[in-house]
Undergrad: 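Okay, here's the structure, questions in a sec.
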Amino acid sequence: MNPLTKVKLINELNERESDLGIKDSVSWHSEYKDSAWIFLGGLPYELTEGDIICVFSQYGEIVNVNLVRDKTTGKSKGFCFLCYEDQRSTILAVDNFNGIKIKGRTIRVDHVANYRPPKDSEDIDEVTKRLREEGCAPKVPSASSSESESEEEHVLPVKKPKKDKKEKKKKKKEKKEKKKASKVERREAQDKSPSTPPMRVKKEREDEGYEKYALKGAPESRGERAGQETRSARDRLEEMDRARDQHDDSFLYC
C-alpha cells in the first residue's frame, strides 16, 4: 500500500473517533497499549537523530531513537523507530504528527506492536540492547491491584493499644534508674580513690643542743644579771664597813 494512503486512513480513523466521541479504552490506539514504540516514515534524508528528538519531544520524553542508515555510506534511509518514556505519548504523536510536512515531505507516524531490534547490535551497550528488546512502556496495573491500592489509601490508621505505651514508659524508667545507679557508682569510686596524691612531710633533724638547753634551763636575762651584780656590790660594801667598825672598836679597847 502506498504510504500516503496509510496516512489518509489513520487521519480518517482519528476523525471518526473524535466525531463519535469514542472512549480511549475502545479506541484503536488501545491495541498498542503495551508498546511505547512508533514508526516514522517519509523523513527527509538530511535529518539526524537530534533533529528527530527536537521535533517529536513535544509530546513526551524520548528514551531511544533508531534511525536506520545505510551500512556502507551511513546515510539515512528516511525512516526511523522511536521510543517514548510514557506509552500515552505515542497516542499524541500519532494523532498530531501523522500527515505533517517536514522540508516539503509528508511523514507517516504509526504505532509499532512488536518492535524488533536490529541484528547488528554487537557494538552496542547493554542498556540500549535492553531498551531495543523490551522497550520502556509502563506496565498497565491490573484491576485487582488498582482496587487494593485505592483501599489502602482510604484505610484509617489503627491506633496502637495502650500496652505499648505502658511498656515504653517502663523502659524509660529503667533507663533513668540505670543512669542514676551508674552516677552513684562513679561518685563512690571517686570518693574511694583520692584524686590528689598524699603530701610527703619531711621529718626535722633532732638538735642535740636543744636537749642541753632544756636540762640547764633558759639563760638569765640582762636585767636580772645587772640586779644581781648591784646586790653583790652592796653586800660587799656593807661587809667592808662592818669589818672597819669592828677594827676601830678593838683599837679603842686596847
Side-chain angles (χ1 to χ4, degrees), residues 1-19 21-141:
M1 188 184 290
N2 192 1
L4 292 175
T5 55
K6 289 182 180 180
V7 171
K8 290 178 182 179
L9 289 172
I10 292 168
N11 288 332
E12 286 175 2
L13 280 171
N14 292 330
E15 287 176 1
R16 285 180 186 177
E17 286 185 354
S18 63
D19 292 337
I22 296 170
K23 295 181 180 179
D24 295 336
S25 59
V26 191
S27 175
W28 70 279
H29 294 292
S30 61
E31 296 178 3
Y32 306 97
K33 63 183 179 181
D34 296 328
S35 176
W37 290 88
I38 58 173
F39 170 79
L40 310 176
L43 296 171
Y45 299 107
E46 297 85 6
L47 294 181
T48 61
E49 287 85 356
D51 298 330
I52 293 165
I53 290 169
C54 289
V55 174
F56 287 88
S57 62
Q58 298 178 26
Y59 294 104
E61 187 173 355
I62 296 167
V63 177
N64 194 2
V65 178
N66 182 15
L67 181 61
V68 181
R69 296 177 179 273
D70 189 13
K71 292 180 182 179
T72 57
T73 60
K75 291 182 179 180
S76 172
K77 289 186 177 181
F79 63 96
C80 174
F81 295 94
L82 187 143
C83 180
Y84 281 104
E85 185 180 8
D86 191 353
Q87 192 272 337
R88 293 172 293 182
S89 299
T90 59
I91 299 168
L92 296 171
V94 171
D95 290 343
N96 293 291
F97 286 126
N98 184 52
I100 66 168
K101 288 185 177 182
I102 298 174
K103 287 192 172 183
R105 297 192 67 179
T106 304
I107 65 169
R108 179 168 72 91
V109 182
D110 197 359
H111 292 282
V112 178
N114 296 317
Y115 173 72
R116 295 178 182 179
K119 294 180 180 179
D120 53 347
S121 60
E122 294 179 356
D123 299 333
I124 299 171
D125 56 350
E126 294 179 358
V127 178
T128 53
K129 281 182 183 179
R130 185 173 57 79
L131 288 170
R132 287 183 178 182
E133 291 175 0
E134 298 176 2
C136 56
K139 293 181 180 180
V140 180

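Both backbone and side-chain heavy atoms feed into the values below; hydrogens, waters and symmetry mates do not. Just so you know, residue 1 is the first one in the sequence shown, and it goes up from there.
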Undergrad: Does the distance from a Lys or Arg side-chain N to an Asp or Glu carboxylate O, for Glu46 and Lys75, drop under 4.0 Å?
TA: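 Salt bridge between Glu46 and Lys75, a charged N being under 4.0 Å from a carboxylate O: no.
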
Undergrad: Taking C-beta and beyond as the side chain, do Val55 and Phe97 meet within less than 4.5 Å on heavy atoms?
TA: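 They are in side-chain contact.
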
Undergrad: Taking only residues at least two apart or on different chains, which pairs with a member in residues 51-60 satisfy side-chain hydrogen bond (donor to acceptor under 3.5 Å, both in side chains)?
TA: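 Checked against side-chain hydrogen bond (donor to acceptor under 3.5 Å, both in side chains) - neighbours excluded - the pairs reaching residues 51-60 are Thr48-Asp51.
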
Undergrad: For Asn114, is the CG atom crowded, meaning more than 12 foreign heavy atoms sit under 6.0 Å from it?
TA: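 Atom CG in Asn114 is not crowded, with 12 or fewer foreign heavy atoms closer than 6.0 Å.
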
Undergrad: Any side-chain heavy-atom pair from Ile52 and Leu43 closer than 4.5 angstrom?
TA: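 SC-SC contact between Ile52 and Leu43 confirmed.
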
Undergrad: Do Leu47 and Ser76 come within less than 4.5 Å of each other through their side chains, counting heavy atoms only?
TA: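 Answer no - side chains too far apart.
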
Undergrad: So, taking the atom named CD1 in Ile107 and the one named NZ in Lys101, what distance separates them when rounded to the nearest 0.5 Å?
TA: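 Ile107 CD1 to Lys101 NZ: 12.0 Å, rounded to 0.5 Å.
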
Undergrad: Quick check on side chain to side chain contact (heavy atoms under 4.5 Å, CB included): which of Thr90, Ile10, Leu40, Asn96 does Val109 satisfy it with?
TA: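 The side chain to side chain contact (heavy atoms under 4.5 Å, CB included) with Val109 is passed solely by Leu40 among Thr90, Ile10, Leu40, Asn96.
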
Undergrad: Please give me the minimum heavy-atom distance between Ser35 and Ala113, naming the atom from each residue.
TA: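 Looking at all heavy atoms of both residues, the closest pair is CB-O, 3.8 Å.
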
Undergrad: Testing Ile91, Asp110, Leu82, Asn98 one by one against Ile38 for a side chain to side chain contact (heavy atoms under 4.5 Å, CB included), which residue passes?
TA: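 With Ile38 as partner, Ile91, Asp110, Leu82, Asn98 yield a single side chain to side chain contact (heavy atoms under 4.5 Å, CB included), made by Leu82.
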
Undergrad: Could you measure the distance from the OG atom of Ser89 to the CD atom of Glu61? Nearest 0.5 Å is fine.
TA: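 That separation rounds to 9.0 Å.
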
Undergrad: Identify the two heavy atoms, one from Phe79 and one from Gly41, that lie closest to each other, and give their separation to 0.1 Å.
TA: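 Between these two residues, the closest heavy atoms are CB-CA, 4.1 Å.
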
Undergrad: Is the backbone N or O of Tyr32 less than 3.5 Å from a side-chain atom of Gln87, with the two atoms forming a donor-acceptor pair by type?
TA: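 Yes; judged by distance alone, with no hydrogens or angles, the pair exists.
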
Undergrad: Does Phe39 have any ring-ring contact (aromatic ring centres under 6.0 Å, His included) partners at least two apart in sequence or in another chain, and if so, which?
TA: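 Counting only residues at least two positions away or on another chain, Phe39 forms a ring-ring contact (aromatic ring centres under 6.0 Å, His included) with Phe81.
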
Undergrad: Would you call Tyr84 and Ile62 a side-chain contact if the rule is heavy atoms closer than 4.5 Å?
TA: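 Yes; the side chains approach each other to less than 4.5 Å.
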
Undergrad: Does any part of the side chain of Val94, heavy atoms only, come nearer than 4.5 Å to the side chain of His111, both counted from C-beta?
TA: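 Yes, at least one pair of side-chain atoms sits under 4.5 Å.
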
